[in-house]
Amino acid sequence: MFNLFLAVFPEIFIINATFILLIHGVVFSTSKKYDYPPLASNVGWLGLLSVLITLLLLAAGAPLLTIAHLFWNNLFRRDNFTYFCQIFLLLSTAGTISMCFDFFDQERFDAFEFIVLILLSTCGMLFMISAYDLIAMYLAIELQSLCFYVIAASKRKSEFSTEAGLKYLILGAFSSGILLFGCSMIYGSTGATHFDQLAKILTGYEITGARSSGIFMGILFIAVGFLFKITAVPFHMWAPDIYEGSPTPVTAFLSIAPKISIFANILRVFIYGSYGATLQQIFFFCSIASMILGALAAMAQTKVKRLLAYSSIGHVGYICIGFSCGTIEGIQSLLIGIFIYALMTMDAFAIVLALRQTRVKYIADLGALAKTNPILAITFSITMFSYAGIPPLAGFCSKFYLFFAALGCGAYFLALVGVVTSVIGCFYYIRLVKRMFFDTPRTWILYEPMDRNKSLLLAMTSFFITLFLLYPSPLFSVTHQMALSLYL
Amino acid sequence: MNTDITALEKPQYPVVDRNPPFTKVVGNFSVLDYLRFSTITGVSVTVGYLSGIKPGIKGPSMVTGGLIGLMGGFMYAYQNSAGRLMGFFPNEGEVASYQKRGWFPK
């Protein structure tokens with residue numbers, strides 16, 4: 001019986017490590033003997049260590065983790081899809097935590113609870129990825145979301161941060177309520193919450209007539225709840241304000257990690273549980289709207305973080321193309337898209353964090369970067385070109401496969417909108433490059449060298465973005481395995 | 001609770017024990033398992049110590065790192081040992097040892 005817990009060793013470890021760190025933080029941050037030390041960096045390093053050990057337990061125990069592939073009363077499932085998504089999530093979390101250390105020093109941020117909440121939300125996201133029941137999925141989403149509401153407002157002396165936290169709480173709670181309402185309607189109509197049972201009931205089921213209106217509304221509400229959380233249009237309004245107001249490491253984490261786990265959830269619920277024309281139309285519309293709005297709204301932005309927020313909305317639109325296809329190639333391209341998007345976003349936010357030291361907030365403040373720090377300017381340019389989808393960078397590869405998948409399933413209009421909005425998007429990405437290399441700044445800013453953690457992270461992500469096209473097959477074979485395990 | 005041990009992937013090596021008890025798995029720890037355990041614990045203690053220098057809590061931070069490392073190292077060693085007994089990881093040593101006691105792989 002004890003061996004069944006082998007399936008959840010990574011989750012058990014990270015929960016216990018989080019509690020150990022919480023006790024450590026509470027005891028020693030309030031200790032008069034040690035003169036009330038600020039523990040954010042200390043807990044940060046131990047938190048990073050915990051994430052890496054969790055990754056080791058997950059990666060090294062791969063075949064063993066499937067030992068109870070349906071565990072805890074069939075609420076969770078372990079397969080290739082869960083395995084690779086969780087590895088990817090933990091790598092993103094480790095990258096985000098490593099960006100934070102300099103931020104703690106620069107901003108004199110001494111709340112160790114920040115790292116504890118990141119670890120708790122990571123645990124919630126690990127459960128989200130393996131959730132195989134509507135109830136388990138909802139509980140895991142709430143564990144993740146509640147932590148995010150708090151860390152969005154973690155900079156207590158900033159009104160923007162408090163405003164961001166409050167907005168996120170209200171909108172996040174609202175979207176969770178809609179999601180739960182959808183789950184209850186599905187349960188009321190079918191009597192099932194388990195994805196296997198839903199798949200059996202809903203496969204080939206034509207959603208027509210009054211008797212199926214409960215199922216139709218349930219699927220609609222669940223889809224709306226998820227679309228809120230991935231900041232897809234028309235449920236995106238909260239994203240730019242919250243991304244701008246939150247502390248920058250929180251924004252980085254918000255734009256990377258939840259997208260991985262929520263897309264994983266969307267694929268489990270909808271591809272396996274209940275895919276049909278209704279859902280395809282919803283995601284088709286949201287994909288087009290997100291791509292168009294992301295491209296057009298970003299053009300008017302003057303602040304770097306708001307620009308990245310709208311860019312993120314646009315990229316969600318591209319990623320939803322893969323879902324709209326509903327084919328294995330579509331799912332594979334979605335997974336490739338998320339992976340490359342996460343790495344590009346980590347790269348972009350690491351640079352933004354490095355620039356924040358010198359209070360760079362507006363795009364116009366980037367004017368001196370190429371002259372004072374040319375390597376950073378080149379790295380930022382490569383990231384922007386990758387976002388724009390210019391070959392031979394990784395961003396081009398992800399968009400290429402997404403559009404290819406759309407063409408393969410006959411969604412020609414989707415692919416056309418994607419290409420046109422990519423071209424429009426090039427404008428604001430290349431505008432940043434122009435600002436860095438060709439514009440004379442209004443005021444010269446002296447850029448301080450960044451810390452070792454960020455420079456290592458930037459080196460790794462830039463290396464991947466630049467050279468991915470030379471050897472893309474490992475990612476393709478992994479994502480193909482993940483897509484197949486969803487259908488089998 | 002689903003108490004059925006049926007893995008999604010079949011064991012690739014001979015199965016010594018499909019569902020070994022806790023004491024058997026811990027008793028089966030090899031030299032490499034103890035080495036993994038001690039390495040993870042050592043690294044964690046070091047990280048704890050180094051990260052505790054700046055805030056001035058070297059000792060307590062070392063202990064916290066050590067606790068995290070002990071737990072992680074033990075879980076990693078347990079996972080490997082159980083995997084060998086269940087036939088998911090290479091287990092020539094276990095097969096040879098149990099064959100001497102009159103056990104034969106199925």
Side-chain angles (χ1 to χ4, degrees), chain A residues 1-7 9-10 12-14 16-17 20-21 23-25 27-29 31 33-50 52-54 56-57 60-75 77-80 101 105 110 485, chain B residues 1-13 17-25 36 40 43-76 78-89:
Chain A
M1 175 95 157
F2 180 81
N3 288 319
L4 289 170
F5 288 98
L6 282 168
F9 258 22
I12 291 173
F13 173 78
I14 200 168
N16 288 330
I20 291 172
L21 288 175
I23 294 167
H24 168 88
V27 167
F28 296 105
S29 67
S31 164
K33 180 183 170 191
Y34 294 101
D35 198 23
Y36 309 105
L39 290 182
S41 266
N42 172 239
V43 172
W45 279 108
L46 292 170
L48 181 59
L49 173 76
S50 307
L52 293 174
I53 295 177
T54 310
L56 178 68
L57 285 171
L64 199 61
L65 293 174
T66 65
I67 196 159
H69 64 275
L70 286 170
F71 58 92
W72 291 350
N73 209 30
N74 300 344
L75 291 179
R77 181 180 173 95
R78 282 249 178 244
D79 54 15
N80 277 339
F101 297 110
D105 290 333
D110 62 357
S485 71
Chain B
M1 183 163 167
N2 184 9
T3 56
D4 180 32
I5 290 206
T6 47
L8 216 60
E9 283 183 33
K10 296 285 172 238
Q12 291 179 336
Y13 303 92
D17 192 333
R18 191 169 164 264
N19 188 10
F22 178 83
T23 45
K24 189 172 182 181
V25 175
R36 286 174 178 133
I40 291 176
V43 167
S44 305
V45 166
T46 310
V47 168
Y49 178 83
L50 293 173
S51 64
I53 292 174
K54 199 171 171 192
I57 51 162
K58 291 191 288 258
S61 182
M62 204 164 69
V63 168
T64 305
L67 278 173
I68 291 173
L70 268 170
M71 182 176 55
F74 178 78
M75 288 172 91
Y76 185 46
Y78 186 95
Q79 196 176 56
N80 276 281
S81 177
R84 288 196 306 275
L85 287 172
M86 292 183 192
F88 290 102
F89 299 141

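Just so you know, these numbers use all the heavy atoms, side chains as well, and skip hydrogens, waters and symmetry mates. Below, chain A is the first sequence line, B the second, and so on; all start at residue 1.
- B/Ile53 contributes atom CD1, which lies 12.5 Å from atom OG of A/Ser41 (distance to the nearest 0.5 angstrom).
- For A/Asp110, no part sits under 4.5 Å from any heavy atom of chain B, backbone or side chain.
- In plain terms, the two heavy atoms of A/Pro38 and B/Pro55 that are nearest each other are O-CB, 3.6 Å.
- Shown here for B/Gly56 and A/Tyr34, the closest heavy-atom pair between the two residues is O-CD2, 3.4 Å.
- Interatomic distance, NE2 of A/His24 versus CD1 of B/Ile57, reported as 4.0 Å (0.5 Å rounding).
- One distance of note links CG of A/Leu57 with CD1 of B/Ile40; it measures 7.0 Å at 0.5 Å rounding.
- Contact annotation for A/Leu39: only side-chain heavy atoms (C-beta onward) come within less than 4.5 Å of a heavy atom of chain B.
- In terms of heavy-atom pairs under 4.5 angstrom with chain B, the leader among A/Leu48, A/Ile53, A/Leu56, A/Asn42 is A/Asn42.
- With chain A as the partner, the residue from B/Gly73, B/Ser44, B/Gly65, B/Gly48 showing the most heavy-atom pairs under 4.5 Å is B/Ser44.
- Distance check: B/Met75 CE to A/Leu6 CG gives 9.0 Å after rounding to the nearest 0.5 Å.
- Residues A/Ile20 and B/Met71 have side chains in contact (heavy-atom distance under 4.5 Å, counting atoms from C-beta outward).
- Shortest non-hydrogen contact noted between B/Phe89 and A/Ala60 is CZ-O, 3.4 Å.
- Summarising the geometry, atom CZ belonging to A/Phe9 is positioned 7.5 Å from atom CZ belonging to B/Phe74; distances are rounded to the nearest 0.5 Å.
- Of the two parts of A/Phe28, only the side chain, counted from C-beta on, holds a non-hydrogen atom closer than 4.5 Å to a non-hydrogen atom of chain B.
- Using a 4.5 Å cut-off between heavy atoms, B/Ile68 contacts chain A through both its backbone and its side chain.
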